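Here the structure is laid out as structure tokens; the discussion comes afterwards.
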Amino acid sequence: MADSVPDAAALAGAILAGGASRRMGRDKAGMPIPGSSSDGSGPTTMAERMVEILSQRCDPVFVMAAQGQPLPDLRAKIIRDELRGLGPLPATGRALRAAAEAGARYAFVCAVDMPFLAVELIDDLARRAVETGAEVVLPWDGQDHYLAAVYRTDLADRVDALVAAGERKMRTLVVRSDAQRIVTLDSGASRWLTNVNTEADLRALVGA
């Protein structure tokens with residue numbers, strides 16, 4: 001499906017992996033996915049899985065990680081947080097700036113805990129971004145999914161200004177941008193957008 005997206009949608013990818021994961025009680029990025037291969041034939045951790053998904057559509061792929069956070073060997077560019085505990089907005093800004101410097105007009109930004117994300121969704125968001133020229137295109141299924149969205153990389157300066165003013169929420173960036181929403185109410189899309197917050201969540205999703 002990726003070859004149907006206009007060339008103007010040259011897209012970087014950014015995986016936000018440096019969160020505290022308080023509900024999980026452990027680092028999500030390095031968490032093994034039950035039933036995944038451990039012999040090198042497939043992804044074994046959440047971070048590896050997300051890099052594999054984004055690499056099918058995005059180039060380059062950045063992983064935004066915390067200082068000192070252990071990560072598996074990833075085929076992605078690793079960018080470490082300058083400070084801990086500031087939330088996803090500063091990491092998104094740094095990712096957008098890195099993507100712009102790499103020559104990408106857009107970046108798909110997502111959390112590290114979405115192991116069933118589908119490339120079809122990334123394609124749909126990227127296509128809408130090109131068609132509308134919107135600064136942000138995000139899925140909506142009763143709520144906005146800020147960390148499964150396409151952002152124009154020239155928003156990096158706006159993010160920096162918001163962060164400097166004390167803002168930490170992704171919602172603030174979207175509210176202050178030209179945002180378009182794609183309604184995704186079918187069960188397949190809901191699975192794509194599911195975040196894994198506990199080990200029980202992951203086991204249930206894999207079993208389903």
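None of the values given here were measured: they were computed from a predicted structure. For this chain, numbers begin at 1 and follow the sequence in order.
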Between R49 and I33, what is the shortest heavy-atom contact and its length?
-> CB-CD1, 3.6 Å

Distance in Å, I15 CD1 paired with I79 CD1, rounded so as to fall on 0.5 Å steps = 11.5 Å

Start with the C-alpha distance between F108 and L125, add both sets of side-chain angles, then the distance that settles side-chain contact (heavy atoms from CB on, under 4.5 Å), and finish with yes or no.
-> CA-CA 9 Å; F108 176 75; L125 296 169; 3.8 Å; yes

Heavy-atom side-chain proximity of L193 to R191 below 4.5 angstrom | no

Rounding to 0.5 Å, atoms CG (L121) and CZ (F116) come to a distance of 15.0 Å

Between M50 and V112, what is the shortest heavy-atom contact and its length?
-> CG-O, 3.2 Å

Please confirm whether R152 makes a cation-pi placement over Y106, using NZ or CZ under 6.0 Å from the six-membered ring centre and within 45° of the ring normal.
-> no

What closest approach, in Å, do C58 and I122 show between heavy atoms, and which atom pair accounts for it?
-> SG-CG2, 4.5 Å

One should read off an interatomic distance between L155 CG and T92 OG1, to the nearest 0.5 angstrom, of 10.5 Å

If you round to the nearest 0.5 Å, how far is CD1 of I53 from CG of L117?
-> 5.0 Å

Between the side chains of T132 and Q180, is a donor N or O closer than 3.5 angstrom to an acceptor N or O?
-> no

Quick one: does R94's side chain get under 4.5 Å of F62's, heavy atoms only?
-> no

Any chance you could measure M170, atom CE, to L162, atom CG, to the nearest 0.5 Å?
-> 10.5 Å

How far does CG of D27 sit from CG of L71, to the nearest 0.5 angstrom?
-> 7.0 Å

Does the side chain of V63 come within less than 4.5 Å of L16's, by heavy atoms?
-> no

Is there side-chain contact between K169 and L89, with heavy atoms separated by less than 4.5 Å?
-> no

With distance as the sole test, does T184 use its side chain to make a donor-acceptor pair with the main-chain N or O of P139 at under 3.5 Å?
-> no

Are R97 and D157 close enough, and set up right, to give a salt bridge (Lys or Arg N to Asp or Glu O under 4.0 Å), and what steps lead you there?
-> CA-CA 8 Å; R97 190 167 302 284; D157 288 340; 2.7 Å; yes

Report yes or no: do V51 and I78 belong to one cluster of Ile/Leu/Val/Met/Phe/Trp/Tyr joined by side chain heavy-atom distances under 4.5 Å?
-> yes

Is there a side-chain contact (heavy atoms from CB on, under 4.5 Å) between V136 and D178 once you walk through the steps?
-> CA-CA 6 Å; V136 182; D178 172 20; over 6 Å; no

Check: P72 and T44 side chains under 4.5 Å, non-hydrogen atoms = no

Is there a donor in the side chain of T45 and an acceptor in the side chain of E48, or the other way round, less than 3.5 Å apart?
-> yes

Step by step, work out the side-chain contact (heavy atoms from CB on, under 4.5 Å) result for Y146 and R171.
-> CA-CA 7 Å; Y146 306 119; R171 179 181 182 276; 3.2 Å; yes

Short N-O contact, E135 and R158, less than 4.0 angstrom = yes

Where A126 and R57 come nearest, the two heavy atoms and their spacing | CB-NH2, 4.0 Å

Closest contact, heavy atoms only, R80 versus Q69 = NH1-O, 2.7 Å

Looking only at non-hydrogen atoms, find the nearest pair between H145 and L138 and report the distance.
-> O-CB, 3.8 Å

Heavy-atom check, side chain of Q143 versus side chain of D141, under 4.5 Å | yes

Validation row: V174, R181 side chains within 4.5 angstrom (heavy atoms) = yes

With side-chain contact (heavy atoms from CB on, under 4.5 Å) as the test, would you mind laying out the steps for Y151 and L173 before giving the verdict?
-> CA-CA 10 Å; Y151 294 82; L173 172 62; 3.8 Å; yes

Heavy atoms, side chains only, cut-off 4.5 Å: are I182 and V137 in contact?
-> yes

